[in-house]
Amino acid sequence: MIYIYDTLTRQKRPFIPLKPPEVSIYVCGVTPYAEAHVGHARPAVMWDVIKRHLTRRGYFVRHVQNFTDIDDKIVRQALAEHEDPKALAERYMAQYTDVMQRLRVIPPDYAPRVTENIPQIIAFITELLNKQMAYVSGHDVYFTVTDDGTYGQLSGRKIEDLYAGVRMEVHEGKRAPQDFALWKSADDTEPGWVSPWGYGRPGWHIECSTMAAQYLGRQFDLHGGGLDLVFPHHENERAQSMGYFGCEPASYWVHNGLITQDNVKMSKSLGNGLGLREILEQIDPVVLRTYLLSVHYRSPLDFQLASAEEWGRGLQRIWRLWDEAKNQPAPSEWVDEPWARRLESFEQRLAECLDDDFNTAKAFAEVFEMAHDVRYGMAQGHGALALAWARRNLQAADQILGLLPETSQVLSLSTMAERLLSIREQARARRDFQEADAIRNLLAKAGYTIEDTPEGPRILSQPSA
RNA sequence: GGCGACGUAGCCAAGUGGUAAGGCAGAGGUCUGCAAAACCUCUAUGCCCCGGUUCGAAUCCGGGCGUCGCCUCCA
């Protein structure tokens, strides 16, 4: 049984899909007006693991993640960069997709865009108007937030408390300060669409209600996004969807903790977000990916490049083991010892970690312990068996966590390296260690690390830490 | 001001009633020509502080202190 923490009920609940074996997921995507930063990578990587785990547990996942490709910020940024808003959005969407691919994130099944769903949005708003849940004010349309006890449940606040917020936006046309825009008028120099209420653009929250319903139906299983979206975005989205359909849109609201830098939240408006492309120039994508998974998704994560590199040093031990194990056949020997038993049950334990609200941090602890058992088995004279299990288990872990290196750490020897190594071996044989060390240093300068193992020397593509 | 989260070893970090996972760094040892890798051993009588509930609490309750987030665009 899988347990998932649900923001609405504030508890971990058993996961029961609406229509098993299908699982429907809606994750709020990005507004593409700037480069993606680490804060965007966390939910992407986390949902990737959730999907992989659900899939292995036998579910059939349908994942929708939107692009809010039209918005005031895009218009503003396009003006600043002297670029067509559509082209700008297109550019950043491509960049986002590219960088997530490098992080081994399986793309969503549908990545709908606001600009391609305008008629549906207008229809959604029209229905809300018909139901008297919204009102027209000039050329704008607002949603009426009613105090029926449901609004505020998700974010845990009361409407009267909202008045306490000094910075609550005041709009001429609003009947109540907590009402929010469904349709915003725009002048004709800006991008927009003709609607029954005039030329304009959709408000911020309506696109998610509309597209979730469009691609997943009125009710779906999991709704995701960053913790910073709980209010007002998800609160408003829930109000719209419930207003339209009269039922809870999502069975579980799943929110990831935010990433900070020097203990300050990363955000586009603060301009302190470390760009993902910049980070990936300094750090291996798999190291970054797994570093993000080394902390439970609901906890805050203070991102430090040094911490990620430190994590990478630990991960390298796993990679080295993989190099030794990757060509092993399936285990063929039977040894009735605790370490062998544990290797046998590794995959099951890994899955159980993830069953518990996707505890990837604990899952990694299992991976490291599994590596210890392999080494122990090897030391007990069961090298072939232990490595066979290592291959199997690391592959299984990789399918969910995506932790194995892109390419082998051990290089196939080039002719020149082979010759150098052979000369060094001859030197070592005649105990001319001065020359042997000279050759090793030479190769080290070129970025290669030589390790003398009982099976002979091998060359690694990265200097050992 | 309102609401919420968090505070576990030098650092990162699991752990929601049963006696402190894992990683990095550090110390000692085995192996090695030396390194590297690997392996073994060690490193929190204690989980921000003070009370309380309990046979038993890092885990539950109350009160402090501290950090962060949301209330405005945000993953």
Side-chain angles (χ1 to χ4, degrees), chain A residues 7 10-12 27-31 33-34 36-44 46-47 65 68 71-73 76 152 155-158 160-169 204 224-233 235 255-260 263-270 273 291 294-296 298-302 304 306-318 320-321 323-324 353 356 359-369 371-372 374-376 378-380 428 431-434 436-437 440-441 444 449-454 457-458 460 463-465:
Chain A
T7 306
R10 273 153 244 279
Q11 57 182 349
K12 226 187 262 181
V27 179
C28 283
V30 295
T31 302
Y33 73 99
H37 60 67
V38 218
H40 299 119
R42 169 121 97 151
M46 155 209 157
W47 280 102
Q65 181 171 319
T68 303
D71 173 273
D72 292 351
K73 294 185 296 291
R76 204 182 312 133
S155 56
R157 54 194 84 203
K158 303 183 179 90
E160 55 261 38
D161 292 338
L162 295 174
Y163 291 103
V166 207
R167 290 168 291 184
M168 175 59 83
E169 198 180 349
W204 176 26
L227 207 52
D228 54 349
L229 293 180
V230 175
F231 190 88
H233 184 57
E235 193 70 71
H255 292 104
N256 60 277
L258 303 180
I259 291 188
T260 59
N263 270 320
V264 176
K265 181 188 160 189
M266 246 176 232
S267 86
K268 292 180 190 171
S269 52
L270 290 175
Y291 173 64
S294 72
V295 179
H296 185 88
R298 280 192 285 114
S299 301
L301 190 160
D302 193 52
Q304 308 283 352
S307 306
E309 285 167 348
E310 186 182 295
W311 167 261
R313 282 198 288 278
L315 189 64
Q316 190 145 77
R317 266 181 35 217
I318 302 302
R320 285 176 194 277
L321 181 61
D323 271 327
E324 293 175 53
C353 292
D356 183 13
N359 195 333
T360 52
K362 197 175 175 191
F364 272 100
E366 292 290 350
V367 171
F368 283 110
E369 288 192 328
H372 277 298
V374 170
R375 293 300 187 189
Y376 183 80
M378 288 167 75
Q380 298 304 305
R428 291 183 70 211
R431 306 189 72 76
D432 182 354
F433 298 118
Q434 206 175 344
D437 290 349
R440 185 166 62 190
N441 290 338
T449 302
I450 296 180
E451 289 181 4
D452 295 320
T453 72
R458 62 176 169 172
L460 302 177
S464 48

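Because only heavy atoms are used, hydrogens play no part in the values below, and waters and symmetry mates are left out as well, while side chains stay in. Letters A, B, ... are given to chains in the order of the sequence lines, protein chains preceding strands, and every chain is numbered from 1.
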Self-check item: Check: A:Arg428 side chain, A:Ala436 main-chain N or O, donor-acceptor pair, under 3.5 Å
Solution: no
Exercise. Go through A:Thr360 and A:Met46 one step at a time and tell me if the side chain to side chain contact (heavy atoms under 4.5 Å, CB included) criterion holds.
Key: CA-CA 9 Å; A:Thr360 52; A:Met46 155 209 157; over 6 Å; no
Quiz item: Picking from B:A14, B:G33, B:A21, which would you name as closest to the side chain of A:Ala436?
Solution: B:G33
Quiz item: Which of these nucleotides, B:A75, B:A38, B:U16, is closest to any side-chain atom of A:Leu229?
Solution: B:A75
Exercise. Look at the side chain of A:Lys12 and decide which nucleotide, out of B:A75, B:U16, B:A14, has an atom nearest to it.
Key: B:U16
Practice problem: Please give the nucleotide sitting opposite B:A58 as a Watson-Crick or G-U wobble pair, both distances under 3.5 Å, or none. | Solution: none
Quiz prompt | B:C65 to B:C50 separation - C1' atoms, rounded to the nearest Å | solution = 11 Å
Quiz item: Atom CG of A:Asp228 and atom NE2 of A:His255: how far apart are they, to the nearest 0.5 Å?
Solution: 9.0 Å
Quiz item: Quantified in whole Å, what is the P atom distance between nucleotide B:A36 and nucleotide B:A27?
Solution: 12 Å
Self-check item: Partner nucleotide, any strand, of B:C47 [Watson-Crick/G-U, under 3.5 Å]
Solution: none
Practice problem: Taking only the side-chain heavy atoms of A:Trp311 (C-beta and beyond), determine which of B:G33, B:G23, B:C24 contains the nearest atom. | Solution: B:G23
Quiz item: Between the base of B:G15 and the side chain of A:Asn359, is there any donor-acceptor pair under 3.5 Å?
Solution: no
Quiz item: Counting only heavy atoms not in A:Gln11, do more than 12 fall under 6.0 Å of its CD?
Solution: yes
Quiz item: Taking atom C1' in both B:G62 and B:A57, what distance in whole Å separates the two?
Solution: 15 Å
Quiz item: Any salt bridge between A:Arg320 and A:Asp323, counting N to O under 4.0 Å?
Solution: no
Quiz item: A:Glu235 CD to B:U72 P: how many Å, rounded?
Solution: 13 Å
Exercise. Quick one: look up who B:U19 pairs with, Watson-Crick or G-U, both distances under 3.5 Å, and put none if it's unpaired.
Key: none
Tabulate protein N/O versus nucleotide N/O from nucleotides 3-10 of chain B, keeping only pairs under 3.5 Å, one per line.
| unit_1 | atom_1 | unit_2 | atom_2 | d |
| --- | --- | --- | --- | --- |
| B:C3 | O2' | A:Gly156 | O | 2.9 |

Quiz item: At under 4.0 Å between heavy atoms, what does A:Gly224 touch on the DNA or RNA strands: base, sugar-phosphate, or nothing?
Solution: nothing
Quiz item: To the nearest 0.5 Å, how far apart are CD1 in A:Ile450 and CG in A:Asp452?
Solution: 7.5 Å
Quiz item: Do the non-hydrogen side-chain atoms of A:Ile259 and A:His37 ever get within less than 4.5 Å of each other?
Solution: no
Quiz item: Considering only heavy atoms from C-beta outward, does the side chain of A:Asn359 approach that of A:His296 to under 4.5 Å?
Solution: yes
Exercise. In whole angstrom, give me the gap between the C1' atoms of B:A20 and B:G29.
Key: 26 Å
Quiz prompt | Euclidean distance, atom CG of residue A:Asp228 to atom P of B:G69 [Å, nearest integer] | solution = 11 Å
Self-check item: Pairwise P distance for B:U45 and B:U72, with rounding to whole Å
Solution: 46 Å
Exercise. Would you kindly compare A:Arg375 and A:Asp356 by the position of their nearest RNA chain B nucleotide and give the one closer to the 5′ end?
Key: A:Asp356
Quiz item: Rounded to the Å, how far apart are A:His296 NE2 and B:U16 P?
Solution: 10 Å
Quiz item: Taking any strand in view, what nucleotide pairs with B:C39 in a Watson-Crick or G-U wobble way, both distances under 3.5 Å?
Solution: B:G29
Quiz prompt | Listed nucleotide nearest any side-chain atom of A:Asn256, set B:C34, B:A75, B:A21 | solution = B:A75
Self-check item: Interatomic distance, A:Met378 CE vs B:C31 C1' [rounded to whole Å]
Solution: 14 Å
Self-check item: Worked verdict on A:Arg375 versus A:Leu321 for side chain to side chain contact (heavy atoms under 4.5 Å, CB included)
Solution: CA-CA 9 Å; A:Arg375 293 300 187 189; A:Leu321 181 61; 3.7 Å; yes
Practice problem: Go through B:C73, B:A75, B:A38 for me and flag the one nearest to the A:Cys28 side chain. | Solution: B:A75
Self-check item: Rounded interatomic separation in angstrom, taking CG from A:Asp437 and P from B:A36
Solution: 12 Å
Self-check item: Phosphate OP1/OP2 of B:A14: any A:Ser299 side-chain N/O under 4.0 Å
Solution: yes
Quiz prompt | From B:U16, B:A21, B:A14, nucleotide with atom closest to A:Ala365 side chain | solution = B:A21
Practice problem: Starting from C1' on B:A13, measure out to CZ on A:Phe368 and report it in whole angstrom. | Solution: 12 Å
Quiz item: Looking only at atom C1', what distance separates B:U41 and B:G4, rounded to whole Å?
Solution: 45 Å
Practice problem: Classify the nucleic acid contact of A:Ile450 as base, sugar-phosphate or nothing, counting any heavy atom under 4.0 Å across all strands shown. | Solution: base
Practice problem: Go ahead and name the base partner of B:C6; Watson-Crick or wobble counts if both distances stay under 3.5 Å, otherwise write none. | Solution: B:G66
Exercise. Under a 3.5 Å limit for both distances, which nucleotide forms a Watson-Crick or G-U wobble pair with B:G1, could you say?
Key: B:C71
Quiz item: Measuring from A:Lys73:NZ to A:Thr31:OG1, what's the distance to the nearest 0.5 Å?
Solution: 4.5 Å
Practice problem: For A:Gly39, report the nucleic acid contact type (base, sugar-phosphate, nothing); a contact means any heavy atom under 4.0 Å. | Solution: base
Quiz item: Does B:G33 have A:Phe433 stacked on its base, where the ring centres are within less than 5.5 Å and the planes differ by under 30°?
Solution: yes
Quiz prompt | Any side-chain heavy-atom pair of A:Tyr291 and A:Leu301 under 4.5 Å | solution = yes
Quiz prompt | side-chain N/O A:His372 vs B:U41 OP1/OP2, d < 4.0 Å | solution = no
Quiz item: Side-chain contact, heavy-atom cut-off 4.5 Å: A:Phe368 with A:Arg317?
Solution: yes
Quiz item: Side chain of A:Asp302, base of B:C12: donor and acceptor closer than 3.5 Å?
Solution: no
Quiz item: Roughly, in whole Å, what's the span from CG in A:Leu315 to P in B:A25?
Solution: 13 Å
Self-check item: Rounded C1' spacing from B:A44 to B:G7 in Å
Solution: 16 Å
Quiz item: Roughly how far apart, to the nearest Å, are B:U53 and B:C70 at atom P?
Solution: 39 Å
Exercise. Could you say whether A:Gly314 or A:Ser307 is positioned toward the 5' end of RNA chain B, judged by the nucleotide with the nearest heavy atom to each?
Key: A:Ser307
Quiz item: Looking for any heavy atom pair under 4.0 Å, which part of the strands does A:Arg431 touch: base, sugar-phosphate only, or nothing?
Solution: sugar-phosphate
Quiz item: CG of A:Asp452 versus C1' of B:A36: gap in Å, rounded?
Solution: 8 Å
Self-check item: Donor-acceptor pair (no angle test) under 3.5 Å: A:Arg440 side chain, B:C34 base
Solution: yes
Quiz item: Under 4.0 Å between a side-chain N or O of A:Arg317 and OP1 or OP2 of B:C24?
Solution: yes
Quiz item: Using a cut-off of 4.0 Å on non-hydrogen atoms, how would the nucleic acid contact of A:Leu227 be classed: base, sugar-phosphate, or nothing?
Solution: nothing
Exercise. Look at the side chain of A:Phe231 and decide which nucleotide, out of B:A13, B:A75, B:C71, has an atom nearest to it.
Key: B:C71
